[in-house]
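Order of the sequence lines sets the chain letters (A, B, ...), proteins ahead of strands, with each chain counted from 1.
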Amino acid sequence: EDQVTQSPEALRLQEGESSSLNCSYTVSGLRGLFWYRQDPGKGPEFLFTLYSAGEEKEKERLKATLTKKESFLHITAPKPEDSATYLCAFRGGGATNKLIFGTGTLLAVQP
Amino acid sequence: GAVVSQHPSWVICKSGTSVKIECRSLDFQATTMFWYRQFPKQSLMLMATSNEGSKATYEQGVEKDKFLINHASLTLSTLTVTSAHPEDSSFYICSARGTANTGELFFGEGSRLTVL
C-alpha cells in the first residue's frame, strides 16, 4: 500500500538553528512529491514539487531534496515566521490524480 | 500561484440542518477539484474528487449521500453536508488543479464547520 511518513511529529528550534524535516515514502510509480506549509486555521500553501531522485529545489530559507525513498525539507537559519506545519504529499501512479498527505511536522521557531 | 477561494470560512449550525460550502477557482479553470477534511492536529484526509460535468468519486468510508458534491462549472464546486451532526464538525478544505496538469494542488482557506 502506498504511504508516506513524516518525522519528527514536532520540532522546536531556536532562531537561526538549521535543521531538516523528513518525509519517507513507499509509492509505486511516484508522479511527484509535494511539500506544503500550513498555518493554523488556514489551507495549505504550496512550496515545492519534486519528480525524480536527485532533484533539489530552493525557496528563500527552504530547500527540498528527493531520493528514491525519502524527501528532506532543509530549513536554513529559520526565523519565527517559519513556524507552521509542513506537509508532504505524493501523487501516486495509476489513473488517479489525487494527492495523499502525510501527517505533517509541526515546526516552532523561537526567537 | 493560482487562487482558490472558499466560502464561508466558518459556519455554525444546528444538528439536522444542511450546510453548503463553496469552492471557486478565481484565476484559472479547474477541471478537477478535491475536497479534504482535517481534524485538529491531524493531516488532510481526502474525501472526494469532483470533475466538472460528472459525478464525484468518493473515497472509501465517505458517505456520498451525506456529503453531496457538485462541480457544475470549471470554476465552482460545492460541498453540502446534509443533516449535519456534531461528529461532522471539522475543517473542510477544497483544492483545485488547473488544466496544466502539473500536479500541484492549490488550496482554499478552509471552512470551519461547527455543528451544535
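Looking at Gln38(A) and Ile93(B), their side chains come closer than 4.5 Å, going by heavy atoms from C-beta outward. Using a 4.5 Å heavy-atom cutoff, the side chains of Leu44(B) and Tyr36(A) are not in contact.
Neither the backbone nor the side chain of Glu9(A) comes within contact range of chain B; no heavy atom of the residue lies under 4.5 Å from a heavy atom of that chain. Contact of Gln6(B) with chain A is not made at all, since no heavy-atom distance falls under 4.5 Å.
There is a path of hydrophobic side-chain contacts, each under 4.5 Å, that joins Val11(B) to Val81(B). When hydrophobic clusters are built by joining Ile, Leu, Val, Met, Phe, Trp and Tyr residues whose side-chain heavy atoms come closer than 4.5 Å, directly or via intermediates, Phe34(B) is not grouped with Tyr58(B). Under the 4.5 Å side-chain heavy-atom criterion for Ile, Leu, Val, Met, Phe, Trp and Tyr, Phe91(B) and Met47(B) are members of distinct hydrophobic clusters. Hydrophobic clustering (side-chain heavy atoms under 4.5 Å, transitive across Ile, Leu, Val, Met, Phe, Trp, Tyr) groups Leu47(A) together with Leu66(A). Residues Ile69(B) and Phe106(B) do not share a hydrophobic cluster, clusters being chains of Ile/Leu/Val/Met/Phe/Trp/Tyr side chains in contact below 4.5 Å.
If you take CZ on Phe107(B) and CG on Leu99(A), they are separated by 6.5 Å, rounding to the nearest 0.5 Å. Here Gln42(B) contributes atom CD and Thr85(A) contributes atom OG1; the two are 12.5 Å apart, rounded to the nearest 0.5 Å.
For residues 69-81 of chain A, the set of pairs meeting the side-chain hydrogen bond (donor to acceptor under 3.5 Å, both in side chains) definition, not counting sequence neighbours, comprises Ser20(A)-His74(A), Asn22(A)-Glu70(A), Trp35(A)-Ser71(A), Thr65(A)-His74(A).
Annotation: His85(B), atom NE2; neighbour count of heavy atoms from other residues, nucleotides and ligands within 6.0 Å is above 12. In this structure, Arg61(A) places its CZ atom where more than 12 heavy-atom neighbours from other residues, nucleotides or ligands lie under 6.0 Å away. No more than 12 heavy atoms of other residues, nucleotides or ligands lie within 6.0 Å of NZ in Lys41(B), so this atom counts as exposed by the packing criterion.
Scanning residues 101-111 of chain A against chain B with a 4.5 Å non-hydrogen threshold yields Phe101(A), Gly102(A), Thr103(A), sorted by number.
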